[in-house]
There are 2 protein chains.
Amino acid sequence: MTKPDPEAGPAGPETRKGRRGRPPKSEGPSGTSELILDVAEDLFSKHGLHGVSIRDVANEAGVDTALLHYYFGTKLGLFDAVFKRRAEILNAERLASLDAYALKAGDALTPEGVISAFLQPLVEWGEKGGPGWKHYFALISQANANPVWGGETMARYFDDVIRRLIELLRLALPGARDEDLYWAYHNLSGALTLTLGETGRLDRLSNGLCRSGDLRLAYANMARFAAAGFRALCARA
Amino acid sequence: MTKPDPEAGPAGPETRKGRRGRPPKSEGPSGTSELILDVAEDLFSKHGLHGVSIRDVANEAGVDTALLHYYFGTKLGLFDAVFKRRAEILNAERLASLDAYALKAGDALTPEGVISAFLQPLVEWGEKGGPGWKHYFALISQANANPVWGGETMARYFDDVIRRLIELLRLALPGARDEDLYWAYHNLSGALTLTLGETGRLDRLSNGLCRSGDLRLAYANMARFAAAGFRALCARA
DNA sequence: ACTTTAAATCATCGACCGCTGAATTAAACG
DNA sequence: CGTTTAATTCAGCGGTCGATGATTTAAAGT
């Protein structure tokens, strides 16, 4: 993370550059703090917390480093803010999607249906949410692989939805032992994490036969794969 | 990564501390460069490349930072050396395990068998290889989630074994389309990555019902889960 | 109109970063 | 035994890091 980038374009309208003090009211689509979050999200998702300096973020966003401290306090505060921003939206939609499916399916819950409902908001945000959501997913993917702060962070933000998911899977797989349900979820979680990363690894390995950017296909295959896995793990004496 | 640790114990025999020059021949089990690699492996696996300074490694290993440059040149050179050290051992064993299974099974290859053979060396090293191997696995897990250098690194070190795995799975699932085989592998790879991390996430989520440290169980469940997934994905028109 | 507050830059501080050249000590080699 | 080479610490260089206090500008409140 060291890009000089000394003169990135004509620097916007009337080259207001280095001008100190509060800027005149602009009708821009979203505030400066959102812009900073977008940039930080992008960089953190690619290089991790320690791979990005606040100078990197400030330069890329075209603001002074002091402004990041003004809004977010510390570097860790910025990171947390990035993590939190979309978590709430995502969790609300995933819970709603699961509840809607449970209501619709009544007694006829299937593992495929539950898992698809769980994944659906990810597909939609990934496809229609713009690049910010893809960066966010990649960030989650990295957090899930981190043994130090990852576990705690993931638990804090996402355990509620996951418990609801497992609850519905328990209904869809009557007689399943809880232990097996959790182990099966562990495998699904790993597959999901890798998909969220969109690292392009599969594209290269398959010589272009599979495109990890095809989210709809990726998630459909994951639901089918995992549903079969759940059945196999949970249907034993 | 900032630990003071000003006086970690009595500093060994006769407190040879700050003593300059080549040390007298010691009958220690392995050389200083191996010790440095062990420490670096541990720290990198927990905090990532950018989360660890060469001073951190040097302090933890009880040597001067200049010694790391003497052995490994740059920080990246140290990281690569850590990555490479065990990759060769692991790959040789995984290929041998797959070949042995192919020979034994003849025409009666099963997905469970192939996947178990693929996973077996991981179980054994994880159980009997000491903490170094666990740190190494966690490092791989993080590399696999990294979108920048992870994909290239993983491909360089591990693609050979993976191609052999898919080849055998193709034989075990006659009629499967290559595209489906790759997508199924993608899901297995994700599950494996998460297991390798041993982040303790499942332990907490299941309130202690599942212990991610139980490698034998984790890998047995993964093989069963993934084999069913492969069948489900590959057995369609 | 005056005051207060919000939003921004500037200049800088002390700490830490990766890395290097010189010195030192002991082993290996002849 | 003398020379070369391997293994180590020391001292420090130039650069970057996260963070802060002072200052400036414009909006908001009264």
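To find a chain, count down the sequence lines: A is the first, B the second, and so on, and within it residues start at 1.
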Would you kindly give the CG-to-P distance between Leu78(B) and dG18(C), to the nearest whole Å?
11 Å
Between Arg164(A) and Asp99(A), does at least one N-O distance fall below 4.0 Å, as a salt bridge requires?
yes
Length of the CZ-P vector between Arg55(B) and dC17(D), whole Å
15 Å
How many whole angstroms separate atom CG of Leu49(B) from atom P of dC17(C)?
13 Å
Taking CZ in Arg163(A) as the centre, count heavy atoms belonging to other residues, nucleotides or ligands within less than 6.0 Å. Is the count above 12?
yes
Can a salt bridge be assigned to the pair Asp80(B) and Arg85(B) using a cut-off of 4.0 Å between side-chain N and carboxylate O?
no
Regarding the side chain of Ser53(A), the nearest nucleotide among dC19(C), dC17(D), dC17(C) is dC17(D)
Any side-chain donor near an acceptor of the partner, Asn144(A) and Ser141(A), under 3.5 Å
no
Atom CG of Asp160(A): over 12 foreign heavy atoms under 6.0 Å:
no
For Ala40(B), the side chain to side chain contact (heavy atoms under 4.5 Å, CB included) test, sequence neighbours excluded, returns Phe44(B), Val57(B), Leu78(B), Val82(B)
Expressed as a whole number of angstroms, how long is the span from His50(A):NE2 to dG18(D):C1'?
13 Å
Euclidean distance, atom CD1 of residue Ile54(B) to atom C1' of dG15(D) [Å, nearest integer]
14 Å
For the salt bridge (charged side-chain N to carboxylate O under 4.0 Å, His left out) test, which of Arg86(A), Lys84(A), Lys46(A), Lys134(A) pairs with Glu41(A)?
Arg86(A)
Within less than 4.0 Å of OP1 or OP2 of dA7(C), is there a side-chain N or O belonging to Thr32(A)?
no
Minimum heavy-atom separation for Ala143(B) to Met154(B), with atom names?
CB-SD, 4.2 Å
Between Trp149(A) and Phe79(A), ring centroids under 6.0 Å
yes
Base contacts versus sugar-phosphate-only contacts with protein, heavy atoms under 4.0 Å: please encode nucleotides 24-30 of chain D as B, S and - from 5' to 3'.
BBBS---
Which residues within residues 67-75 of chain A lie with some heavy atom under 4.0 Å of an atom in DNA chain D?
His69(A), Thr74(A), Lys75(A)
Starting at atom CZ of Phe79(A), determine the distance to atom P of dA19(D), rounded to an integer number of angstrom.
14 Å
